[in-house]
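Beneath this line is the structure, given in structure tokens, with notes to follow.
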2 protein chains.
Amino acid sequence: MLLSQTGEYALRAVLYLAAHAGERPVQVAEIARALDVPQNYLSKTLHQLARAGVLASTRGKSGGFQLAVAPDRLALARILSPFGDIEDRRRCLLGRAVCSDRSACAAHGRWKEVAEQLSSFFRETTVADLQQGAALPV
Amino acid sequence: MLLSQTGEYALRAVLYLAAHAGERPVQVAEIARALDVPQNYLSKTLHQLARAGVLASTRGKSGGFQLAVAPDRLALARILSPFGDIEDRRRCLLGRAVCSDRSACAAHGRWKEVAEQLSSFFRETTVADLQQGAALPV
DNA sequence: CATATTTATCATATTATCATGATAAAAGCA
DNA sequence: TGCTTTTATCATGATAATATGATAAATATG
């Protein structure tokens, strides 16, 4: 798939948190159950998001995770970046270290437009954008 | 990166063969040297391409690999498909088994356009298309 | 303070991808 | 036929991604 499994979990978890945003944090167990995702693994993933400033975590009773950023200010790229996605993917299709208009691989001319669209999708789409189209379960 | 390492090797090897198309087959050793790629691994990858009908292989003295398809009829998707790329990647961004206009995930509305561009790039771009922009090494 | 709850972290297992090395099988050619 | 060259295949190892299970640390609350 396009995203790593971990990146996909991260995205879905954040969307779940956005949909269930309230005063109180949501626990990993609930999210894992809702998304049908391994709980311990998700726990580690959410912790990475917390360290990245995307989520806020609180421990102890009635603890859990919450969004730390307003949905309309939270781009998908920011959610995925701790898991090494996106910016890597804009790279040269043929794996060259440098590939630009000046020093182009065979694919560059045709690929760059697609790559830029892909990149800007993740940079510009926010969680709020997705909440709108989201009448259905994540 | 967007392609698997193996997929990238495959693409580069095919482009190399297209650029060095002649009467005589090209040996793995030469391709591996030119692309700076592990020879035994490339050998296996080229064999997969041969089984997929993309390349023709001949053994023995003055054997090697050749394109089995005319460059202008050889889409990138066909080169990559033995390595499980592309069609997987068009799938739902959030990993849903079914995700369509009728049953859409939260991302579907915004994602489908990008996904379609990505998919059609690989389906419609041919080796011949890339040979043109390719004055520089692969 | 004691306890229950929850995240944080560690140790380890599983799986897929990437890679290496060795050998078998085919094919040309002296 | 026998030798050399080359692909085909097998066995194995290395590494990273994914996942599981157990324990530690923090915190609210009685």
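A note on names: the letters A, B, ... follow the listed sequences, proteins ahead of strands, and every chain is numbered from 1.
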d(CZ, B:F65; C1', D:dT5) in whole Å: 14 Å
Winner on side-chain proximity to B:Y41, out of C:dT20, D:dT7, C:dA8, is C:dT20
Expressed in angstrom and rounded to an integer, what is the separation of B:Q48 atom CD from D:dT7 atom C1'? 14 Å
To the nearest angstrom, the CG-C1' distance between B:L42 and D:dA8 comes to 14 Å
Mind calculating the distance between CZ (B:R12) and P (C:dC18) to the nearest angstrom? 14 Å
Please determine if A:R123 and A:E116 form a salt bridge, counting it only when a charged side-chain N lies under 4.0 Å from a carboxylate O. yes
In short, B:G53 meets B:V69 closest at the heavy-atom pair O-CG2, 3.6 Å
Write down the distance between CG (B:L49) and P (D:dA8), rounded to a whole number of angstrom. 11 Å
Flag for B:T126-B:D129: side-chain donor and acceptor within less than 3.5 Å: yes
Using the ring of each side chain (for Trp, its six-membered ring), is B:Y9 parallel, tilted or perpendicular to B:Y41, with breaks at 30° and 60°? perpendicular
Specify the residue among A:T6 and B:H47 whose closest nucleotide of DNA chain D lies further upstream toward the 5′ end. B:H47
Listed nucleotide nearest any side-chain atom of A:P38, set C:dT7, D:dA11, D:dT20: D:dT20
Write down the distance between CG (A:N40) and C1' (D:dA17), rounded to a whole number of angstrom. 16 Å
On the nucleotide C:dA19, are OP1 or OP2 found under 4.0 Å from the side-chain N or O atoms that B:Y9 carries? yes
To the nearest Å, give me how far apart CD (A:Q39) and C1' (C:dT9) are. 15 Å
Does the protein touch nucleotides 1-6 of chain C at the base, only the backbone, or not at all? Give it as B, S and - per nucleotide, heavy atoms under 4.0 Å. ----BB
Does atom CD of B:E30 have more than 12 heavy-atom neighbours from other groups under 6.0 Å away? yes
Verify, without hydrogens or angle tests, whether B:S120 (side chain) and B:Q117 (backbone) share a donor-acceptor contact under 3.5 angstrom. yes
Correct closest heavy-atom pair for B:S103 and B:R96 would be OG-NH2, 2.8 Å
Grab the CD-C1' distance between A:E8 and D:dA17 for me, whole Å please. 14 Å
